[in-house]
Amino acid sequence: MDNLATADSSPPHSLAPDQLTPAQRTAVDHFEGPLLVLAGPGSGKTRVITRRMARLVERGVDPRQILAVTFTNKAAEEMAARVERLAGGRPVAVSTFHRFCARLLRDHAELVGLQANYTILDTTDQKQVVRTVLDELNLDAVHFPPARISGRISRAKNEQQTAESLQANSVSRVGNHFQEVVARVYPRYQDFLLRANAVDFDDLLLHVQQLLTENPELRSRLDQQYRFVMVDEYQDTNLVQYGIVRLLSHDHPNLCVTGDPDQSIYGWRGARVDNILRFEQDYPDATVVRLEENFRSTAAILRSADQLIAHNQLRKAKSLITQNPEGDAVELLVYGSAQDEAHGISARIHELVSRNECTYGDCAVFYRVNSMSRQLEQALSRWGIPYQVIAGVAFFERAEVKDLLGYLRLIENPADDAAFARVVNKPPRRIGKVTQSKLARYATTEKINRLEAAAHAKQIPNLSKPATTALLRFHELIDGLNLADAGSVAELLRTIIDRTRYTAGWQTGLGKSSEQDIQRQAVIDELLALATQYDEDLGDERSLAGFLEITSLVADTDAIDPSQGNVTLMTLHAAKGLEFPTVFVAGVEQNLLPHERSLRDDNPREIEEERRLLFVGMTRAIDRLSLTLAAQRDLHGQSRSTIPSQFLNEMQLSMRDNTIPGDTAVPRPPLPDAGNTMGRSGMADSPLLTTGAALLNGTGEAATLEQGFAVGMAVRHPRYGRGTVVAVDGFARNRTVTVRFEDSDEGVSFQAAHCPLQPLGRS
């Protein structure tokens, strides 16, 4: 029988730093044995985890016997700092899954056929390796895109499928040619990584699971070392992570997992919501604590979010309760086009800031796909609103950064053929593709890595004298670079830049740098600053492997800087774990949210994950929440009429304001650029349609939204003028809209997807 604890019905709205609700206290004071903490959004989960770790230390547990793992660097760093303060300066191991596995693997690399100086390939490197394998197999990369194959291999690894098992499975599924190609590429891809003493992100987990499974003594020793294991966001674990946690908690099942099935949104990368749903089956004597009181959001926001998520079946039943004020109603804003939507959101933000109701830094705009950020960025810029787009990985995708990190990787791990291929001709040193191809063949024949092969350039058949000289000089260059001589990572980077003359070609004949070169230099300066900070933080413990590990495991949300005071733009997936006073969720439309992929196969599990994604976005909001959609949006290169998301019918939108804007145009930004016609004719003629409150018609119940155009809607035609929609028939491409214009008693029919009708509101 579970020991079930629930939140007190009347805790204070704002808890003092040392105050806990009864449910939180139950979780914090739990000592030995498995513990499941079902924590709704904004329920103080991080407070519970950190205080529980500090409480264990208070009770005499050695901090070195406590391990906490989570999913983002930012969460791990914040959690570690909190615990250290609470535990009187005694540090506890808090890490992400990948970072924990990377360090464990470095200590025991030889057990899986690696060396301790292995390097971690990023997604670009993975695709390049796949491309190399395709060339070896004489397969066309156009018909078999490396990115798609790399994704399939990653999915197989997340499902614990080895190259051998995938090959066996492909034999039993004859007829799927693409799957057969993946099965042929996978083993060669793994062989390349092994020869290069390299791993990809998925291997970090798989190798550690292999270590623990095949080495019982090591597993037992680690189980004893980490007597208390805590896993945050357990609903986001995949099968491999699940296996690692189980293996580490076998002898001492003092496993505490926290999470919320309603916030499982990473199924597309292998996360299994079943892991948390079956925890009580895995550990029948587990204590279960439910944290249902939300300290973050207003009652109105939580009510809508709770009604939405109640439509899911794969969940643990719970309700979101709060002592917070009712707050503003959740707002649904419908615009004529995606451009109008972007400017409408910008206008709302501008208005709120102008009235001193919030700051720019308080505002966030979430969207389902990255491509939606473009028009939002343009609109915010036009309004003079500062913003930051959260894509932390983008910095490490810059060519300059990848080149310099490639040099560091090759210095640390000379077997890293992917790094060799990246930098051998950057900057250009007369080592072209033909020379590299001859070098690669020689290396394969001699069973050595490419850097070693470069040292034997004179023995490579049919190699020109200039190419031979260039390869020998390149080997000499790399051989003469090391961290010990440089003294620090930052100094090693400066030495690389100096000896390779990496930036020399950026100067024009007049000795002036172009704007592009200035930006490139700024990127390099930022990398040097990052290396300098690393050197200062680690001191004598710094290492090249440690720096490369940090840069390899960076995440999108690591780039968030709340002190900048900017509006934050990010995908709904990236928003997980964050909170903002004012939130806009853009594009709440069928085929966007839920995404068209989830609708294609009519898979209830995928629809439920899309619903959870919206739930996560909504529960990031503290004070204000607006959901927006556009009647027309460019998708796949075509402008199309949209259909409001099915999720909008699953929520109650409280009646707040029955005003229908009607002909009111989307506001223009202040002081528009006279040379840009977009803000003049385009925006003035593109009105805001209506609000969620108006759609309710005062019923207080969820509205049944019409698909694009609706009967009774006022519209404008560039030739016929104003009119009213009298009929909407058909579906998709065959959908027609019939309008009765003011100067005619007869209706005129249009094809909805291509007509120039401009919705104005309701007549």
Side-chain angles (χ1 to χ4, degrees), residues 98 102 105 109 112-115 117-158 161-164 166-167 178-207 269 393 396-397 399 401-403 405-410 412-426 431 433 436-445 447-454 548-549 551-553:
H98 286 87
L105 185 59
V112 293
L114 294 170
Q115 300 173 39
N117 63 336
Y118 71 82
T119 48
I120 304 171
L121 302 189
D122 62 18
T123 53
T124 303
D125 294 324
Q126 290 172 249
K127 287 184 284 189
Q128 186 56 50
V129 173
V130 170
R131 188 181 297 275
T132 299
V133 173
L134 288 172
D135 288 342
E136 293 175 357
L137 294 172
N138 294 317
L139 293 171
D140 186 2
V142 174
H143 290 92
F144 304 104
R148 190 178 171 203
I149 292 177
S150 179
R152 288 292 182 89
I153 292 174
S154 177
R155 186 189 308 172
K157 291 182 177 183
N158 284 327
Q161 281 188 297
T162 63
E164 293 73 22
L166 187 67
Q167 278 186 317
F178 184 82
Q179 187 71 7
E180 292 172 8
V181 169
V182 173
R184 292 175 63 192
V185 170
Y186 188 1
R188 286 178 176 251
Y189 170 83
Q190 286 303 111
D191 287 344
F192 184 102
L193 264 58
L194 194 62
R195 292 196 309 271
N197 190 33
V199 298
D200 59 26
F201 297 121
D202 301 308
D203 284 335
L204 288 174
L205 304 177
L206 273 173
H207 284 321
R269 68 182 188 196
V393 178
F396 292 95
E397 291 297 320
V401 174
K402 290 180 73 65
D403 289 347
L405 291 180
Y407 275 105
L408 293 181
R409 283 170 45 190
L410 192 58
E412 173 66 13
N413 174 21
D416 190 343
D417 285 349
F420 179 94
R422 174 86 200 180
V423 302
V424 67
N425 202 40
K426 289 185 180 179
I431 305 176
K433 290 184 178 180
Q436 292 183 48
S437 179
K438 293 177 181 178
L439 176 79
R441 285 198 296 271
Y442 178 80
T444 300
T445 301
K447 296 182 179 180
I448 57 178
N449 63 59
R450 295 182 190 183
L451 186 60
E452 289 179 300
L548 288 171
E549 182 180 297
T551 57
S552 296
L553 302 179

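Residue numbers run from 1 in the order of the sequence given. Side-chain atoms are counted along with the backbone in the values below, which use heavy atoms only and exclude waters and symmetry mates.
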Apply side-chain contact (heavy atoms from CB on, under 4.5 Å) to the pair Ile120 and Asp200, showing each step before the final yes or no.
CA-CA 6 Å; Ile120 304 171; Asp200 59 26; over 6 Å; no

Distance from Phe201 atom CZ to Asp122 atom CG, nearest 0.5 Å?
6.0 Å

Looking at CZ of Phe144 and CD1 of Ile149, how far apart are the two atoms once the value is rounded to the nearest 0.5 Å?
7.0 Å

Only one of Arg155, Gln161, Arg184 clears side-chain contact (heavy atoms from CB on, under 4.5 Å) with Leu166; which?
Gln161

Can you find a heavy atom in the side chain of Tyr186 that is under 4.5 Å from one in the side chain of Gln190?
yes

Looking only at the side chains, is there a donor atom on one of Ser437 and Arg441 sitting less than 3.5 Å from an acceptor on the other?
yes

Enter the distance from Leu121:CG to Asp202:CG here, rounded to the nearest 0.5 Å.
11.5 Å

Note, Glu452 side chain near Phe420 side chain (heavy atom, < 4.5 Å)
no

Do Asn425 side-chain atoms and Ile431 backbone N/O form a donor-acceptor pair below 3.5 Å?
yes

Could you walk me through whether Leu405 and Leu408 pass the side-chain contact (heavy atoms from CB on, under 4.5 Å) test, one step at a time?
CA-CA 5 Å; Leu405 291 180; Leu408 293 181; 4.0 Å; yes

Taking the basic N atoms (NZ, or NE/NH1/NH2) and the acidic carboxylate oxygens, is any pair closer than 4.0 Å for Asp125 and Arg409?
yes

Can you measure from CG (Leu205) to NE2 (His98) and round to the nearest 0.5 angstrom?
4.0 Å

